[in-house]
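Structure record follows, encoded as structure tokens.
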Amino acid sequence: MNLHIAVLPGDGIGPEVTAGAVQVINAVAQRFDHSVTFTQADVGGASIDRYGTPLSQECLTICEKADSIILGAVGGSKWDSLPGELRPEAGLLGLRKHFELYANLRPVLLFDELRAACPLKPEFVKNGIDIMIVRELTGGMYFGKRGRIDTPDVGRSESEPESESRSGSRSESESESGSGSTKETYAFDTEAYSALEIRRIAITAFEAARLRKRRLTNVDKANVLESSRLWREIINSVKDSYPDVSLEHLYVDNASMQLIKRPSSFDVIVTSNMFGDILSDEASQIVGSIGVLPSASLGAKGKLFTFGMYEPAHGSAPDIAGKDIANPIAAILSAAMMFRYSFGLQDEASAIESAVKRALAAGFRTADIALQGENPVGTTDMTATITSFI
Ligand code: NAD
């Protein structure tokens with residue numbers, strides 16, 4: 001096959017881990033006789049520095065011409081004071097929106113070789129951890145209306161339960177003025193979902209469950225949020241078409257507990273953009289490190305399972321950037337997902353996954369997954385070891 005891949009290293013450790021993914025893709029291409037062309041583009045902070053915008057037309061054009069995208073991560077304190085639409089993260093959100101990549105698949109797998117790096121008691125994980133988080137990626141609060149406004153009563157609902165609202169602080173500010181008309185600065189972000197957006201991610205999740213253990217957990221906050229109530233209604237209606245898949249509902253606060261308490265019981269989890277963002281970071285810790293969590297963002301119009309953007313679940317990790325200590329496994333496993341989902345090349349995907357397992361089985365660990373007394377290897381050496389097992 002001739003594969004055209006856009007490579008967007010981004011910021012922080014993005015370039016380091018992306019280089020690892022590219023090296024492994026080259027090794028797989030060589031072994032399985034594919035030809036690969038990589039075209040690199042800047043995104044996020046790197047793009048701001050070069051073009052004054054986190055997502056340039058040049059980058060979009062390169063991605064549009066590619067069969068799929070490999071992305072590192074974006075962000076860093078250098079750009080933190082910029083307004084929201086000019087921050088590095090806007091580049092990432094812009095890419096997801098531009099290609100309508102509404103389905104983010106995040107496999108959370110506890111490798112046998114990394115059991116010792118799992119912080120949970122052995123009895124909690126004796127049956128392993130193998131979860132697929134299906135996170136909605138182009139809706140919800142990250143894309144809803146947001147802003148700031150000077151008025152005393154914006155963003156507060158009469159029906160909001162007392163325990164969940166911050167009405168206490170409002171009364172305080174009103175009582176200060178005695179009239180309730182004191183001007184105060186409010187900031188708001190809107191969680192909004194259409195039935196269509198929910199239905200398509202629900203179908204993705206039920207289909208994913210069908211290919212696995214046929215158990216779906218829906219995570220929402222339907223006891224408080226209207227958007228979650230619609231979310232749950234639609235999930236229930238889509239369930240009618242999947243009698244073979246069992247469905248449970250959990251509120252997000254409870255889900256965050258159950259992930260720790262009974263991680264082995266989960267198969268597929270479907271949830272909104274923000275809840276998925278948070279829960280997958282939590283899940284990363286019970287399998288050792290965020291440095292081993294890959295992801296695939298799918299859904300591009302008419303190309304649900306062909307075009308995709310593949311990136312580690314972690315961010316740009318500025319605290320360890322440039323030190324050759326970042327774990328490249330998440331980026332490398334994201335490349336495996338690309339072979340599996342975008343190119344339909346299962347053997348190539350399996351070759352990468354088993355190379356990662358062999359490197360771990362041989363005792364190689366980066367600092368984030370090394371136990372006390374173990375000698376960690378750097379990003380470059382971990383990549384070279386995995387590549388040698390392809
Ligand atoms: P982060 O994921 O970058 O880092 C969290 C912690 O995990 C840090 O201690 C970091 O050192 C560690 N870590 C992350 N990836 C690692 C790896 N591969 N190997 C070893 N350790 C790793 O999250 P953060 O610190 O909240 O955010 C840092 C920046 O990244 C921010 O600017 C944020 O906006 C951005 N961010 C970007 C993305 C993305 O590009 N998809 C996602 C999350 C955060």
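Keep in mind that what you see is a predicted model, and the values were worked out from it rather than measured.
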- Message: Please determine whether side-chain hydrogen bond (donor to acceptor under 3.5 Å, both in side chains) holds for the pair Gln57 and Tyr51, giving the CA-CA distance in whole Å, both sets of side-chain angles, and the decisive distance to 0.1 Å.
- Response: CA-CA 10 Å; Gln57 187 51 53; Tyr51 301 101; over 6 Å; no
- Item | Derivation and outcome, side-chain contact (heavy atoms from CB on, under 4.5 Å), residues Asn236 and Glu233 | CA-CA 5 Å; Asn236 280 333; Glu233 263 170 57; 5.9 Å; no
- Steps toward side-chain hydrogen bond (donor to acceptor under 3.5 Å, both in side chains) verdict (Ser316, Asp11): CA-CA 6 Å; Ser316 57; Asp11 311 316; 5.9 Å; no
- Task: Evaluate the criterion side-chain hydrogen bond (donor to acceptor under 3.5 Å, both in side chains) for residue pair Asn327 and Thr366; output intermediate values, then yes/no.
- Result: CA-CA 6 Å; Asn327 191 336; Thr366 42; 3.1 Å; yes
- Message: With side-chain hydrogen bond (donor to acceptor under 3.5 Å, both in side chains) as the criterion, how do Tyr142 and Glu89 come out once you've worked through the C-alpha distance, each side chain's angles and the decisive distance to 0.1 Å?
- Response: CA-CA 10 Å; Tyr142 293 5; Glu89 292 77 6; over 6 Å; no
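With hydrogens and angles disregarded, a donor-acceptor distance shorter than 3.5 Å links the side chain of Arg215 to the backbone of Ser265. Of the possible donor and acceptor atoms, one in the side chain of Thr190 sits under 3.5 Å from a partner among the backbone N and O of Lys145. A donor-acceptor pair is defined here as one N or O able to donate and one able to accept, closer than 3.5 Å; such a pair exists between the side chain of His34 and the backbone of Met1.
In this structure, CG on Asp67 lies 6.0 Å from NE2 on His4, to the nearest 0.5 angstrom. Remark: Leu259 CG to Ile129 CD1 distance equals 8.5 Å, nearest 0.5 Å.
Between His249 and the choices Asn254, Thr217, Asn218, the side-chain hydrogen bond (donor to acceptor under 3.5 Å, both in side chains) rule is met once, by Asn218.
Shortest non-hydrogen contact noted between Glu282 and Ser256 is OE2-O, 2.5 Å. Taking all atoms of both residues into account, the shortest heavy-atom contact from Ile260 to Pro263 is O-CD, 3.5 Å.
A cation-pi arrangement, defined by a distance under 6.0 Å to the six-membered ring centre and an angle within 45 degrees of its axis, is absent between Lys357 and Phe111. The side-chain tip of Arg135 does not point at the ring of Phe275 from less than 6.0 angstrom away and within 45° of straight on. With a 6.0 Å cutoff to the six-membered ring centre and a 45° limit on the axis angle, Arg262 counts as a cation-pi contact of Phe266.
Between Pro9 and Gln40, the closest side-chain pair of non-hydrogen atoms falls below 4.5 Å. Between Leu371 and Glu374, the closest side-chain pair of non-hydrogen atoms falls below 4.5 Å.
Between the side chains of Ser289 and Asp368, at least one donor N or O sits under 3.5 Å from an acceptor N or O.
Residues that satisfy the salt bridge (Lys or Arg N to Asp or Glu O under 4.0 Å) test with Asp49, not counting sequence neighbours, are Lys78.
Remark: Asp33 CG is loosely packed, at most 12 non-hydrogen atoms of other residues, nucleotides or ligands lying under 6.0 Å away.
Using a 4.5 Å cut-off between side-chain heavy atoms of Ile, Leu, Val, Met, Phe, Trp and Tyr, with links allowed through other members, Val22 and Phe32 fall into the same hydrophobic cluster.
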